[in-house]
Amino acid sequence: MDNHTTVSTFLLWGFSSFPDLQDLSFVMIFFSHVTILVANVSIMVAIKLNHNLHTPMYFFLCGLSFSETCTTMVIIPCMLVDLLSESKTISLPECATQMFFFFGLGGNNCLLLAAMSYDHYTAIHNPLHYTILMTQKICFQLMTASCVTGIVVSLCIVLVVFNLSFCDSSTIKHFFCDITSVVSLACDYTFFQKVVLLAFTAFVLVGSFIFIMISCVFIGSIVMRMPSAQGRYKAFSTCSFHLTVVCIHYGFAGFVYLRPKDSDSFREDMMAVTYTVLTPLLNPIVYSLRNKEMKISLKKVLGNICRFSPRW
């Protein structure tokens, strides 16, 4: 980090903008967090225990659930502590670490969704060669590439942000160390650095979204040429779950990170809370709980939990 940095501690001001709602916010975010953990862990356990779900699609879904769980663990516990704490401070190294993991995991989520789109396209375009084209090794390589790319991009973002000089205000008008909220405190934030950060963000967010949309167009063209109505329904049904998750994820992410910032900090905080909490909450519900195979597997897992749980 640059030696010119004079600020060593930041004040997270986000929830202080609406003090009357802090107790309600704590309750809602806490139960949302518990639901996210239970839903995603149940999905991972169900996929692990059911050999019928040991396919590329569920392999990526398991990775996405794990990544979503880690993403929420980076932000939400700190949010809950801040809601109960009078001193809503975070040190500069902690802020950099939080930003690194949040954007690294967020980038990994985007790229995993792109890998899942490629998997759907391969399954529909080359069903006879699908097992050859999507081997366990290839799936692992795609997941590793997603993770490494997310980490590298996030590291570049953090290096750019925390080589700036913070010498004015130390109050972050957010509930976590987000890019725009932190760089707004810098003394030497130039247009060039702004373009660099936007390029890194767009590379992951827009790049993966374009890839997904291209895959969807190709999938749609293939499905429309299918002679069987039942085959078209099955293909569209499978892809619709994924497309719903993509719309939720990219809709909120694009609204938060790719649009001009609103002067209304309350609205900005609410959108960020929605993206941080609601997206990982809806993903397992939309993608997994509407899937027949996953429903059966989850019922078995929950049934085993109930059977071995202590009876009072």
Side-chain angles (χ1 to χ4, degrees), residues 43 46-47 50 52-65 67-68 106-143 145-146 149 202-255 257-259 275 278-298:
I43 287 169
I47 293 172
N50 190 342
N52 293 328
L53 300 180
H54 290 183
T55 62
M57 182 180 77
Y58 291 105
F59 175 76
F60 290 125
L61 179 58
C62 186
L64 182 63
S65 294
S67 185
E68 291 279 16
N108 181 51
N109 294 342
C110 292
L111 296 169
L112 278 177
L113 289 172
M116 294 170 82
S117 295
Y118 174 73
D119 173 59
H120 289 318
Y121 169 74
T122 305
I124 294 174
H125 184 253
N126 291 302
L128 298 179
H129 300 93
Y130 177 69
T131 54
I132 299 173
L133 295 171
M134 294 299 294
T135 62
Q136 186 176 10
K137 180 180 178 181
I138 291 174
C139 292
F140 182 77
Q141 288 174 343
L142 287 171
M143 185 172 288
S146 300
T149 304
F203 170 73
V204 173
L205 199 61
V206 179
S208 58
F209 181 73
I210 291 174
F211 181 86
I212 291 170
M213 290 299 101
I214 292 173
S215 300
C216 289
V217 170
F218 281 118
I219 290 171
S221 64
I222 295 169
V223 171
M224 293 304 294
R225 295 198 300 268
M226 287 182 176
S228 169
Q230 184 177 0
R232 288 196 299 270
Y233 174 78
K234 185 177 180 181
F236 271 127
S237 178
T238 301
C239 294
S240 66
F241 299 149
H242 180 63
L243 194 58
T244 303
V245 171
V246 167
C247 290
I248 292 171
H249 181 85
Y250 285 93
F252 284 121
F255 193 83
Y257 293 108
L258 296 179
R259 70 182 183 88
Y275 173 66
L278 191 61
T279 302
L281 182 64
L282 291 178
N283 282 356
I285 295 174
V286 174
Y287 208 138
S288 301
L289 302 185
R290 290 183 60 188
N291 186 291
K292 186 177 180 180
E293 290 178 315
M294 182 59 72
K295 279 183 180 179
I296 295 171
S297 186
L298 284 173

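Values below: every heavy atom of this structure, side chains too, minus hydrogens, waters and symmetry copies. Quick note: residue numbers are just sequence positions, from 1.
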Would you please name every residue forming a side chain to side chain contact (heavy atoms under 4.5 Å, CB included) with Y130, sequence neighbours left out? P56, D119, T122, A123, M134

Output the distance between atom OG (S146) and atom CG (L112), rounded to the nearest 0.5 Å. 4.5 Å

Apply side-chain contact (heavy atoms from CB on, under 4.5 Å) to residues H54 and Q136 and explain how you reach the verdict. CA-CA 10 Å; H54 290 183; Q136 186 176 10; over 6 Å; no

Let me see the working for F60 and L113 under side-chain contact (heavy atoms from CB on, under 4.5 Å), right down to the final yes or no. CA-CA 8 Å; F60 290 125; L113 289 172; over 6 Å; no

Taking the side chain as C-beta and beyond, is there a heavy-atom pair between L243 and C216 under 4.5 Å? yes

Which pair of non-hydrogen atoms, one from L53 and one from A46, has the smallest distance, and what is that distance? CD1-O, 3.9 Å

Testing the basics here: between L205 and C110, what is the closest heavy-atom pair and its distance to 0.1 Å? CD1-SG, 3.8 Å

With rounding to the nearest 0.5 Å, note down the distance linking CG in L133 to SG in C139. 10.5 Å

Would you please say whether a donor-acceptor pair under 3.5 Å links the side chains of N109 and S67? yes

In terms of heavy-atom contacts, A115 and L142 come closest through CB-CB, 4.5 Å

Applying side chain to side chain contact (heavy atoms under 4.5 Å, CB included) to Y121 and not counting sequence neighbours gives H125, F218, I219, I222

In sequence, state the C-alpha distance, the side-chain angles, and the governing distance for T149 and F203, and then conclude on side-chain contact (heavy atoms from CB on, under 4.5 Å). CA-CA 10 Å; T149 304; F203 170 73; 4.0 Å; yes

For the student: nearest non-hydrogen atoms of F211 and A114, plus distance: CE2-O, 3.4 Å

Tell me the closest heavy-atom pair linking M116 and M57, and the distance in Å. CE-O, 4.4 Å

If every non-hydrogen atom of S65 is compared with every non-hydrogen atom of I43, which pair is closest and at what distance? OG-CG2, 3.5 Å

Contacts of type side chain to side chain contact (heavy atoms under 4.5 Å, CB included), residue T135, not counting sequence neighbours: K137, I138

Check side-chain hydrogen bond (donor to acceptor under 3.5 Å, both in side chains) between S208 and all other residues, then give those that pass, not counting sequence neighbours. Y250

To the closest 0.5 Å, what do you measure between CD1 (I124) and OG (S221)? 10.0 Å

